[in-house]
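Worksheet for the structure shown next.
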Amino acid sequence: MIKKYIQKFYALFSNDIGIDLGTANTLVYVRGRGIVINEPSVVAVNQKTGQVVAIGKQAKQMLGRTPMHITAVKPLVDGVISDFEVTEEMIAYLLNSAQKESKKFIGPKVVVGVPSGITNVEIRAVRDATRNAGAREVYVVEEPVAAAIGMKLSVMEPVGSMVVDIGGGTTDIAVISLGGVVRSKNVRIAGDKFNADIMSYVRSEFKILIGEKTAENVKIAIGSAIPMVQSMEAVIKGRDLVTGLPKEVVITDSDVRDAMAQSVYTLVESVREVLETTPPEILSDVMGRGLHLAGGGALLRGLAQLLHDVVKIPIHIADDPLTAVARGTGIILEDINYFKDILIVNDDDLPPKK
Ligand code: ADP
Ligand code: MG
């Protein structure tokens, strides 16, 4: 009872914050306000001071237009923290900007989602960085778990749920029951790999060099995992490998499918592998309740259908899959006690696998 009042008192003076540290996009959720930051995971760092000067779109724009000592860094590459100091700076920057508008003066409670592939050393680094940045309490949650919570799956009950979170650098596959991850797999095949596949296909088939952004646009515009009723095409511009000059070609949905086929196949096989090692009772829950897709990659046309054809269970795509993890951190913030078994607070809670 008293505890409840103390919590209410704290809530008046601090903002509780959820952070989705994605490989492609970073989102910040503030309790009572919703998602306040949704930016690409890029930071501009002043190399002289080590300070983060901008994040996201603004950081991207600074590229090539700034003095030499400002460089852009992607703090998470393939779901692994590539630069601890920058990550720490970025977390501090996010906490500051999230709190700026509301002028609360007690450190916030923070839930941070991390890719499930990161090591325990990295989890500790994220936790300590968040504390150093002024958080009063820090709770780390694996992103597929947060995604499941964001999708309103009953992860704390004795019933199995399965989530496949297809992000930029990694895909997290997790089977969750009773507040724990029963089976999981983290594969480095996700949106970035599809983009790279399209780039190399265009280079070998059309003898044209295209940038990553162009490849991503093509993927989003006409990409699919299986043939669609209507065929589609897009015009792409790149540099002719022979003449060195700009050149335009038309690329079809079938080209894009060929380009990504191997990666899509590997991804689907990984899902199958996890299902094959899932204990029978939980498997029967998953067969009944279906498999839930989150992350930007969930939007790839025909992927849900392909998965269904292979694993023969119902596939559901999250509403607004790109924000599922951030919304999940928000739901956790509402009742940390209820979710405590699934959160990483101190070293005893670290997953055994790593
Ligand atoms: P992360 O959690 O790793 O930051 P996100 O869940 O934000 O990743 O997803 C980003 C990825 O989703 C990018 O690779 C992007 O190209 C891809 N993506 C976004 N929208 C679509 C779409 N409509 N079709 C296919 N891929 C998409
Ligand atoms: Mg993610």
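Being a predicted model, the structure only gives us computed values, none of them experimental. We use all heavy atoms of the structure for the numbers below, so side chains are in, but hydrogens, waters and symmetry mates are not. Order of appearance sets the numbers: ligands from 1, and atoms from 1 within every ligand.
In terms of protein heavy-atom proximity, atom 10 (C) of ligand 1 is nearest to A24 CB, 3.6 Å. L299 CB, 3.4 Å is the protein heavy atom nearest to atom 23 (N) of ligand 1. Among protein heavy atoms, the minimum distance from atom 2 (O) of ligand 1 is reached at G22 CA, 3.8 Å. Residue, atom and distance of the protein heavy atom nearest to atom 7 (O) of ligand 1 are N25 ND2, 2.7 Å.
Screening I19, L27, I55 for a side-chain contact (heavy atoms from CB on, under 4.5 Å) with I37, the sole residue that qualifies is I55. Considering V218, L209, I251, D197 as possible partners of V202, the one that fulfils the side-chain contact (heavy atoms from CB on, under 4.5 Å) test is I251.
Interface atoms of ligand 1 facing L300, defined by a heavy-atom separation under 4.0 Å, are 24 (N), 25 (C). Which parts of ligand 1 touch G191 is read off a 4.0 Å heavy-atom cut-off, strictly below it: atoms 14 (O). Those atoms of ligand 1 that come under 4.0 Å of a heavy atom in G297, given as number and element, are 12 (O). Residue-ligand proximity, G295 to ligand 1, at heavy-atom distances under 4.0 Å covers atoms 6 (O).
Counting non-hydrogen atoms of neighbouring residues, nucleotides and ligands closer than 6.0 angstrom, the CZ atom of R239 reaches no more than 12 such neighbours.
Heavy-atom proximity to atom 27 (C) of ligand 1, evaluated over A147, S41, G296, is greatest for G296.
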Inset, instruction - Quick one: do R124 and D347 satisfy salt bridge (charged side-chain N to carboxylate O under 4.0 Å, His left out)? Show the steps, please. - result: CA-CA 8 Å; R124 283 198 200 99; D347 285 359; 3.1 Å; yes
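Geometrically, ligand 1 and E216 share a nitrogen or oxygen pair separated by less than 3.5 Å. Backbone and side-chain nitrogen or oxygen atoms of I220 are examined, and none is located within less than 3.5 angstrom of a nitrogen or oxygen of ligand 1. Where the criterion is an N or O separation shorter than 3.5 Å, residue side chain and backbone included, T23 meets it with respect to ligand 1.
Here the CZ atom belonging to F206 is positioned 6.0 Å from the OH atom belonging to Y201, to the nearest 0.5 angstrom. Interatomic distance, CZ of R131 versus CD1 of I91, reported as 12.5 Å (0.5 Å rounding).
Side-chain N/O atoms of D255 and T252 include a donor and acceptor closer than 3.5 Å.
Put simply, the side chain of V181 reaches to within 4.5 Å of the side chain of E142, judged on heavy atoms.
Heavy atoms of K219 found under 4.0 angstrom from ligand 1 belong exclusively to the side chain. In L322, the part holding a heavy atom less than 4.0 Å from any atom of ligand 1 is the side chain.
Between D192 and K219, no side-chain nitrogen of the basic residue sits less than 4.0 Å from a carboxylate oxygen of the acidic one, so the salt-bridge criterion is not met.
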